Amino acid sequence: MNRAPELARLVRFYESIEGASLRAHIGRIYAPDAQFKDPFNEVRGAGPIVAIFEHMFEQVEQPRFVVTSTVLQGDDAFLTWEFLFRMKRFSTAPQCIRGATRIRFDASGAVMLHRDYWDAAEELYEKLPILGSVMRWLKRAANK
């Protein structure tokens with residue numbers, strides 16, 4: 001089955017994500033028992049997935065995803081993206097995390113597997129005030 005419409009709907013969801021409409025959209029995008037994993041979370045079910053996104057809105061300001069490429073093969077999709085935001089603490093400068101997501105659609109076209117891949121050390125920890133200097137020092141030491 002062609003999953004291009006489902007992939008396009010998923011990309012639109014990510015690129016227009018809003019806290020106020022999150023719960024309504026998650027139920028239309030994700031299967032009730034969907035699996036979600038990223039560097040900080042591993043959950044099953046639409047409710048816990050909503051909680052992850054709600055936590056994102058609590059932690060950062062102006063969160064926005066820009067999907068830069070997609071690949072679709074059967075029920076599997078791969079997306080690369082940029083997550084743009086401003087931290088509520090530490091720094092108000094614009095931030096960008098680059099990553100990728102593997103998606104698997106179920107028979108009805110809902111997301112049943114969502115697996116994010118991104119380097120938390122480089123993309124996040126190095127940007128934090130104290131931890132960032134330690135992470136950059138470790139990176140330099142490892143490259144010597």
Side-chain angles (χ1 to χ4, degrees), residues 1-132 134-136 138-140 142-143:
M1 174 170 245
N2 180 6
R3 295 291 180 209
E6 288 88 351
L7 180 58
R9 183 181 66 194
L10 181 67
V11 169
R12 277 192 310 276
F13 166 71
Y14 285 127
E15 291 190 333
S16 63
I17 196 166
E18 294 179 340
S21 60
L22 192 57
R23 284 193 181 275
H25 289 296
I26 290 281
R28 285 186 241 135
I29 301 289
Y30 286 86
D33 63 341
Q35 294 177 330
F36 178 101
K37 182 171 173 54
D38 70 9
F40 299 109
N41 305 282
E42 185 168 3
V43 299
R44 180 182 284 273
I49 293 171
V50 167
I52 290 169
F53 283 106
E54 287 176 339
H55 182 71
M56 172 190 75
F57 281 100
E58 292 170 7
Q59 296 300 308
V60 301
E61 293 180 356
Q62 303 169 344
R64 186 168 70 91
F65 289 93
V66 176
V67 176
T68 55
S69 68
T70 62
V71 176
L72 180 61
Q73 183 175 356
D75 290 335
D76 293 308
F78 189 79
L79 297 77
T80 58
W81 44 262
E82 294 179 346
F83 175 52
L84 308 168
F85 63 98
R86 293 180 185 270
M87 293 183 185
K88 288 188 175 181
R89 300 177 300 184
F90 309 121
S91 169
T92 58
Q95 303 292 322
C96 177
I97 293 175
R98 289 172 184 83
T101 301
R102 177 181 175 230
I103 297 291
R104 173 161 288 157
F105 295 103
D106 67 12
S108 70
V111 173
M112 63 182 272
L113 174 69
H114 174 138
R115 174 69 159 97
D116 283 344
Y117 299 93
W118 55 278
D119 184 345
E122 179 179 347
E123 298 289 344
L124 183 61
Y125 298 148
E126 285 185 13
K127 298 174 182 178
L128 299 175
I130 296 170
L131 186 55
V134 172
M135 294 301 293
R136 287 186 297 276
L138 287 170
K139 190 177 190 179
R140 283 191 305 271
N143 286 329

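Side-chain atoms are counted along with the backbone in the values below, which use heavy atoms only and exclude waters and symmetry mates. Note that the coordinates shown come from a computational prediction; the quantities given were computed from them, not determined experimentally.
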**OP:** Apply side chain to side chain contact (heavy atoms under 4.5 Å, CB included) to S108 and list each qualifying residue two or more places apart in sequence or on a separate chain.
**Re:** D106, A110
**OP:** Might you point out which heavy atoms bring E15 and V67 nearest each other, and give the distance in Å?
**Re:** OE2-N, 2.8 Å
**OP:** Supply the atom-to-atom distance R98 CZ to D119 CG, rounded to the nearest 0.5 angstrom.
**Re:** 12.5 Å
Subject >> Gap between atom CD1 of I17 and atom CZ of F57 - 0.5 Å precision >> reply: 5.0 Å
Original post:
Considering residues at least two apart in sequence or located in another chain, which fulfil the ring-ring contact (aromatic ring centres under 6.0 Å, His included) criterion with F83?
Top reply: F65, F85
Subject >> All side chain to side chain contact (heavy atoms under 4.5 Å, CB included) counterparts of E58, not counting sequence neighbours >> reply: H55
Original post:
Any idea which heavy atoms bring L7 and A77 closest together, and the distance?
Top reply: CD1-CB, 3.9 Å
Subject >> Residue Q73 excluded, over 12 heavy atoms near CD under 6.0 Å >> reply: no
**OP:** Tell me, please, which residues at least two apart from D76 pass side chain to side chain contact (heavy atoms under 4.5 Å, CB included).
**Re:** R102, R104
Original post:
Out of curiosity, M56 CE to N41 CG, how far, rounded to the nearest 0.5 Å?
Top reply: 11.5 Å
Subject >> CD1-CH2 distance between I97 and W118, expressed to the nearest 0.5 angstrom >> reply: 4.5 Å
Original post:
Angle class for the F13/H25 ring planes (parallel below 30°, perpendicular above 60°, tilted otherwise)?
Top reply: tilted
Original post:
For G109 and F105, which heavy atoms make the closest approach, and how far apart are they?
Top reply: O-CD2, 3.3 Å
Original post:
Checking E82 side chain against T68 main chain: does a donor-acceptor pair fall under 3.5 Å?
Top reply: no
**OP:** State which residues pass side chain to side chain contact (heavy atoms under 4.5 Å, CB included) with A51; sequence neighbours excluded, sorted by chain then number.
**Re:** none
Original post:
Taking atom CD of E61 and atom CE of M87, what is their separation to the nearest 0.5 Å?
Top reply: 11.5 Å
Original post:
Distance from L10 atom CG to R3 atom CZ, nearest 0.5 Å?
Top reply: 12.5 Å
Subject >> Side chain to side chain, I103 and F78, heavy atoms closer than 4.5 Å >> reply: no
Original post:
Got W81 and D116 here, is their nearest side-chain heavy-atom distance under 4.5 Å?
Top reply: yes
Subject >> Flag, side chain of T101 to backbone of L79, donor-acceptor distance under 3.5 Å >> reply: no
**OP:** List the atom of A4, the atom of L72, and the distance in Å for their closest heavy-atom pair.
**Re:** N-CD2, 3.4 Å
Original post:
Does E42 pair with K37 as a salt bridge, N-O distance under 4.0 Å?
Top reply: yes
Original post:
Under 3.5 Å, side chain of R44 to main-chain N/O of Q35, donor-acceptor pair present?
Top reply: no
**OP:** State whether the side chain of Q95 and the backbone N or O of A93 hold a donor-acceptor pair below 3.5 Å, judged by distance alone.
**Re:** yes
Original post:
Got a sec, which residues hit side chain to side chain donor-acceptor pair (under 3.5 Å) with Q62, two or more places apart in sequence or on another chain?
Top reply: R86
